[in-house]
Amino acid sequence: MTKTFSILLLLVSISAFSQTKSFQVKYVTDVLKVDGILDEAVWETADSAKDFQQYFPSDSILAEQPTDIKMIYNNTTLYIGITVKSVGDDWVISSLQRDFRAGSSDNISLLFDTFNDGTNAFLFGINPLGVRREALISSGGQDLRGFTTSWDVKWKGESQLYEGYYTAELAIPLTSFKFKEGETKWRFQSYRFDQQTNERSVWYKVPQNQLIFNLAFMGDMIFEKPLGRFRTPLALIPYVNAIAEKDFETDQSLTNLKVGGDAKVAIGNGMNLDVTINPDFSNVEVDDIITNLTRFEIGLPERRQFFIDNSDLFGSFGGGRDANPFFSRRIGIASDTAGNSIENRILGGVRLSGKLNEDWRLGFLSIQTDEDLENNIASNNNTMLAIQKKVFARSNFGMFFINRQSFEDYDFIEREDEYNRVVGIDYNLASADNRWLGKFYTHKSFQPDDDVGNLSLGAFVGRNSRFFNFFTDWVYVDDDFESDLGFIRRTDIVKSATSAEAVFWPKSDKINNIGIEFFPIITWRPKLDYQKTDHAINASARMELQNQSEFGMGFTNTFTFLTAEDDDFVPAGDDDGVPLPNLQGYHYNSVNFFYQSNRAQVFSYSGESTIGRFFNGNLFSLEAQMALRIQPKALISLQLNYDRISLPDPYPSAGLWLVSPRVELTFSKSIFWTTLFQYSNQRDNLGINSRLQWRFAPLSDLFIVYNDNYFVNQFSPRFRSINLKLTYWLNI
């Protein structure tokens with residue numbers, strides 16, 4: 001009897017776990033006025049997505065602050081009505097600018113997995129003042145690299161404030177989504193930040209050990225009537241850019257008028273064709289400067305709109321840190337005769353990407369860059385073809401082909417540099433509940449007269465659970481492997497990175513969780529008879545509090561063997577300094593401490609410090625960030641980095657400063673002014689980037705961008721420019 005009861009209980013538990021939360025989306029013929037006031041009669045009869053689950057500070061109870069979402073649709077538009085309640089009216093609104101950061105303000109976000117694959121989703125969000133944001137979620141939402149806010153699309157949204165709550169009304173054209181014709185169901189999730197009560201909640205339950213936007217945890221929205229085929233309008237986005245600039249090093253001035261633009265063409269309900277002619281990225285937010293104390297290059301995120309849509313189809317192959325065969329920022333950048341990175345003009349290109357059907361995705365791009373004979377830079381065609389096939393619940397196989405080739409004969413191009421080709425296959429594992437993750441890949445490169453070996457291999461597997469997290473990551477990059485369009489930190493390595501973390505969830509009104517991690521990273525060099533050249537053995541502990549602040553500490557034991565190729569390594573970055581002796585190993589230890597306050601506070605701050613040995617000397621590092629919110633008009637922030645490197649004579653010591661104050665002013669929902677200062681004595685540069693943006697029509701902008709750069713060791717002007725750029729989004 002007891003055994004029978006246990007089996008029945010197990011079956012009931014499995015059945016309950018497998019039940020999916022759902023609601024119906026009613027079909028209507030109405031066209032609603034989007035004003036944030038839910039006074040239309042159709043909202044009274046619409047089904048509700050409610051009963052939100054708390055995600056923080058607990059993930060085992062219903063949310064204390066109610067949220068109700070209703071949806072209806074007609075032949076062209078999905079309408080969403082939202083009611084968000086809280087304990088008062090002290091809403092936190094950090095900015096009036098579109099694509100705001102969600103974690104530090106009151107807002108609600110909605111995720112739509114339109115192909116029901118648990119891999120990609122569209123996100124739309126709104127805050128109490130009706131400020132909107134949109135994003136693309138890729139790679140199942142497993143990490144922040146799959147969260148892209150640079151994506152833009154036309155839609156409407158307004159909010160209305162009341163005592164103790166606000167309502168929001170959204171109208172999203174169905175053409176803004178991609179989906180299969182005749183579809184009757186999308187997977188859906190919503191998450192909300194309530195800063196007045198420090199609560200985060202989700203419609204479909206998400207364990208705290210998973211990211212709040214992870215696509216493994218979604219319910220269903222059921223359409224009353226199957227979705228039809230839609231003709232997405234052709235979007236033309238021309239621009240005009242007037243430029244005035246001066247290079248003080250060469251004493252050359254230039255004024256120019258550039259004209260170009262993009263076109264977006266929908267192919268069926270699932271594919272996009274993007275075309276660009278003479279693109280200009282002067283309005284793109286400037287990159288953050290980073291103090292680099294390593295021997296290796298640092299990769300920075302892609303911000304250019306043309307490369308954003310479905311970017312995971314191209315950029316997620318291989319290992320993101322050590323062996324990424326395609327890194328879109330390589331396109332449009334080249335090295336001059338002195339080895340300096342300079343802009344390489346893009347003449348034009350095409351990009352086809354999206355869903356062929358429920359299981360297959362296709363990506364193709366071809367970009368042509370201009371020649372620069374003065375700097376010995378050839379005109380190159382940069383092409384990539386990628387295909388992805390869904391398998392099992394959320395896993396997929398992917399294959400790609402990359403070709404960088406110069407089709408002209410240049411005297412300054414050696415035979416081995418005429419082209420570079422890479423082919424590869426990846427398997428990405430993601431279990432239905434996202435507890436098991438994995439990646440396995442094999443890539444091979446081809447250069448003229450060189451097709452033997454040239455391999456890049458990798459294997460990663462990890463388990464993510466509430467109490468214990470584990471992963472192991474192995475990478476092999478052959479010495480002759482090359483990917484001109486990739487991000488390969490170094491070749492001739494076998495690298496292992498393994499992490500084991502225990503997480504404790506005490507029953508406390510102060511502490512949310514405590515994590516303890518052991519994380520060794522080891523690198524061997526095959527061409528040096530598999531000599532170990534690097535290791536970093538990390539042990540750390542962290543504590544997250546119920547008020548969303550966090551602090552921790554760690555210890556790192558480091559070993560670095562400088563090889564013959566490291567004969568010019570100067571940690572201080574001094575080009576004229578004496579490099580450290582190579583062909584020998586260095587052992588050094590360090591400890592670090594960090595603290596992060598609640599980002600939703602009017603004044604928030606964080607700090608991290610590292611103290612210890614560094615090669616044959618000592619290192620003291622301090623990093624601090626502060627932000628002051630004068631809501632909702634201004635956000636003033638400061639990033640400060642100081643690294644003190646003390647090495648014995650004759651090796652140079654240095655005090656490296658990086659100071660980056662930023663002022664963001666939002667005069668309205670359509671006028672924004674951002675100014676960023678970046679001072680770095682390692683780069684001998686003080687940079688000023690000031691950008692005024694007026695969004696005079698949907699996704700149509702007037703930019704005034706001012707850039708100024710100065711040498712700091714002997715203060716003098718370096719480079720200055722001002723741009724007046726007009727873009728207009730025209731649907732045909």
Side-chain angles (χ1 to χ4, degrees), residues 21-52 63-93 96 98 100 102 105-112 122-134 153-177 186 188-197 201 203 219 221-225 227 632 668-670 695 697-698:
K21 207 172 182 180
S22 65
F23 66 98
Q24 186 180 62
V25 185
K26 184 179 179 180
Y27 176 80
V28 300
T29 57
D30 306 60
V31 176
L32 304 189
K33 178 183 179 182
V34 180
D35 54 11
I37 304 172
L38 306 181
D39 55 355
E40 291 87 354
V42 292
W43 292 123
E44 297 294 329
T45 58
D47 197 5
S48 288
K50 54 184 179 180
D51 297 329
F52 271 49
E64 296 179 357
Q65 306 307 315
T67 305
D68 183 84
I69 301 173
K70 296 183 177 182
M71 297 190 199
I72 58 177
Y73 71 111
N74 60 23
N75 289 330
T76 62
T77 307
L78 176 67
Y79 293 99
I80 305 169
I82 307 172
T83 302
V84 175
K85 296 184 179 180
S86 192
V87 296
D89 302 316
D90 189 20
W91 307 104
V92 176
I93 312 295
L96 295 176
R98 192 164 176 160
F100 56 87
S105 64
D106 282 284
N107 61 87
I108 186 168
S109 296
L110 304 99
L111 286 75
F112 302 90
F122 301 91
L123 179 146
F124 297 88
I126 197 164
N127 71 13
L129 294 185
V131 182
R132 292 169 285 161
R133 71 176 189 138
E134 61 271 291
V153 69
K154 283 187 176 181
W155 60 287
K156 296 179 181 178
E158 294 291 343
S159 297
Q160 186 69 36
L161 290 170
Y162 299 94
E163 185 176 350
Y165 72 101
Y166 71 91
T167 59
E169 204 167 20
L170 284 59
I172 307 174
L174 290 171
T175 53
S176 298
F177 302 99
W186 292 351
F188 172 75
Q189 172 69 299
S190 177
Y191 62 86
R192 174 195 167 189
F193 294 98
D194 179 33
Q195 305 296 358
Q196 297 182 78
T197 62
S201 57
W203 177 64
M221 49 186 288
I222 312 296
F223 293 98
E224 184 180 25
K225 177 181 175 182
L227 297 171
S668 68
K669 294 180 187 178
S670 59
R695 176 147 287 185

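Residue Gln24 holds its CD atom at 8.5 Å from CD1 of Ile222, rounded to the nearest 0.5 Å. Atom CG of Leu123 and atom CZ of Phe112 lie 8.5 Å apart (nearest 0.5 Å). Separating the CG atom in Leu78 from the CE atom in Met221 is a distance of 5.0 Å, to the nearest 0.5 Å. Going from atom CD of Gln65 over to atom CG of Asp106 covers 10.5 Å, rounded to the nearest 0.5 Å. Remark: Gln189 CD to Leu110 CG distance equals 9.5 Å, nearest 0.5 Å. From Leu174, atom CG reaches atom OG1 of Thr77 across 6.5 Å, with rounding to the nearest 0.5 Å.
Looking at heavy atoms from C-beta onward, Ser86 lies out of side-chain contact with Val84 at the 4.5 angstrom threshold. Side-chain contact between Leu170 and Ile82 is present, with heavy atoms from C-beta onward closer than 4.5 Å. Inter-residue side-chain proximity for Leu111 and Tyr191 is flagged as met; some heavy-atom pair is nearer than 4.5 Å. Considering only heavy atoms from C-beta on, Phe52 comes within 4.5 Å of Ser190 through its side chain. In this structure the side chain of Tyr79 never reaches within 4.5 angstrom of the side chain of Asp30, judged on heavy atoms. The shortest distance between side-chain heavy atoms of Phe193 and Asn127 does not fall below 4.5 Å. Contact of the Trp155 side chain with the Pro173 side chain is registered, since non-hydrogen atoms from C-beta on lie closer than 4.5 Å. Proximity of Leu227 to Trp186: side-chain heavy atoms (C-beta onward) are separated by under 4.5 Å at one or more points.
Without hydrogens or angle criteria, Glu169 side chain to Val34 main chain gives no donor-acceptor distance under 3.5 Å. The backbone N or O of Ser105 lies less than 3.5 Å from a partner atom in the side chain of Gln195, making a donor-acceptor pair. Not one N or O on the side chain of Lys21 forms a donor-acceptor pair closer than 3.5 Å with the backbone of Gly219. Side chain of Gln196 to backbone of Val87: no donor-acceptor contact under 3.5 angstrom is found.
The local environment of NZ in Lys156 is sparse, with at most 12 non-hydrogen atoms from other residues, nucleotides or ligands closer than 6.0 Å. For Lys154, the NZ atom is densely surrounded, since the number of other residues' heavy atoms within 6.0 Å is greater than 12.
Residues Val25 and Tyr73 come closest through the heavy atom pair O-CE2, 3.3 Å. Pairing each heavy atom of Ser201 with each of Ala63, the nearest pair is CB-CB, 3.7 Å. Residues Pro128 and Ile93 share a closest heavy-atom pair of CD-CD1, 3.4 Å. In terms of heavy-atom proximity, Ser48 sits nearest to Lys70 at OG-CE, 3.1 Å. Contact between Pro632 and Leu129 at its shortest, heavy atoms only, is CG-CD1, 4.0 Å. Of all the heavy atoms in Asp89 and Gly164, the pair that sits closest is OD1-N, 2.6 Å.
The pair Glu134-Arg98 counts as a salt bridge, with a side-chain nitrogen and a carboxylate oxygen less than 4.0 angstrom apart. Taking 4.0 Å as the cut-off between side-chain N and carboxylate O, Lys33 and Glu158 do not count as a salt-bridged pair.
Side chains of Tyr27 and Asn75: a donor on one and an acceptor on the other come within 3.5 Å.
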*Test side chain to side chain contact (heavy atoms under 4.5 Å, CB included) on Val153 and Phe122 and set out the steps.*
CA-CA 11 Å; Val153 69; Phe122 301 91; over 6 Å; no
_I'd like to know whether Ile69 forms a side chain to side chain contact (heavy atoms under 4.5 Å, CB included) with Phe188, so could you lay out the CA-CA distance, the side-chain angles of the two residues, the decisive distance to 0.1 Å, and finally the verdict._
CA-CA 11 Å; Ile69 301 173; Phe188 172 75; 4.2 Å; yes
*Take Thr45 and Lys26 through the test side chain to side chain contact (heavy atoms under 4.5 Å, CB included) and record every step on the way to the result.*
CA-CA 9 Å; Thr45 58; Lys26 184 179 179 180; 3.0 Å; yes
*What do the steps show when you test Trp43 against Leu32 for side chain to side chain contact (heavy atoms under 4.5 Å, CB included), and what is the final call?*
CA-CA 10 Å; Trp43 292 123; Leu32 304 189; 3.6 Å; yes
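Exactly one of Asp51, Ile108, Thr83, Asp194 qualifies for a side chain to side chain contact (heavy atoms under 4.5 Å, CB included) with Thr67. That residue is Ile108.
Between Trp203 and Phe23, a ring centre-to-centre spacing shorter than 6.0 Å is recorded.
Listed by chain and number, the residues in a ring-ring contact (aromatic ring centres under 6.0 Å, His included) with Phe100 amount to none (sequence neighbours excluded). A search for side chain to side chain contact (heavy atoms under 4.5 Å, CB included) contacts involving Thr76 returns Asn74, not counting sequence neighbours.
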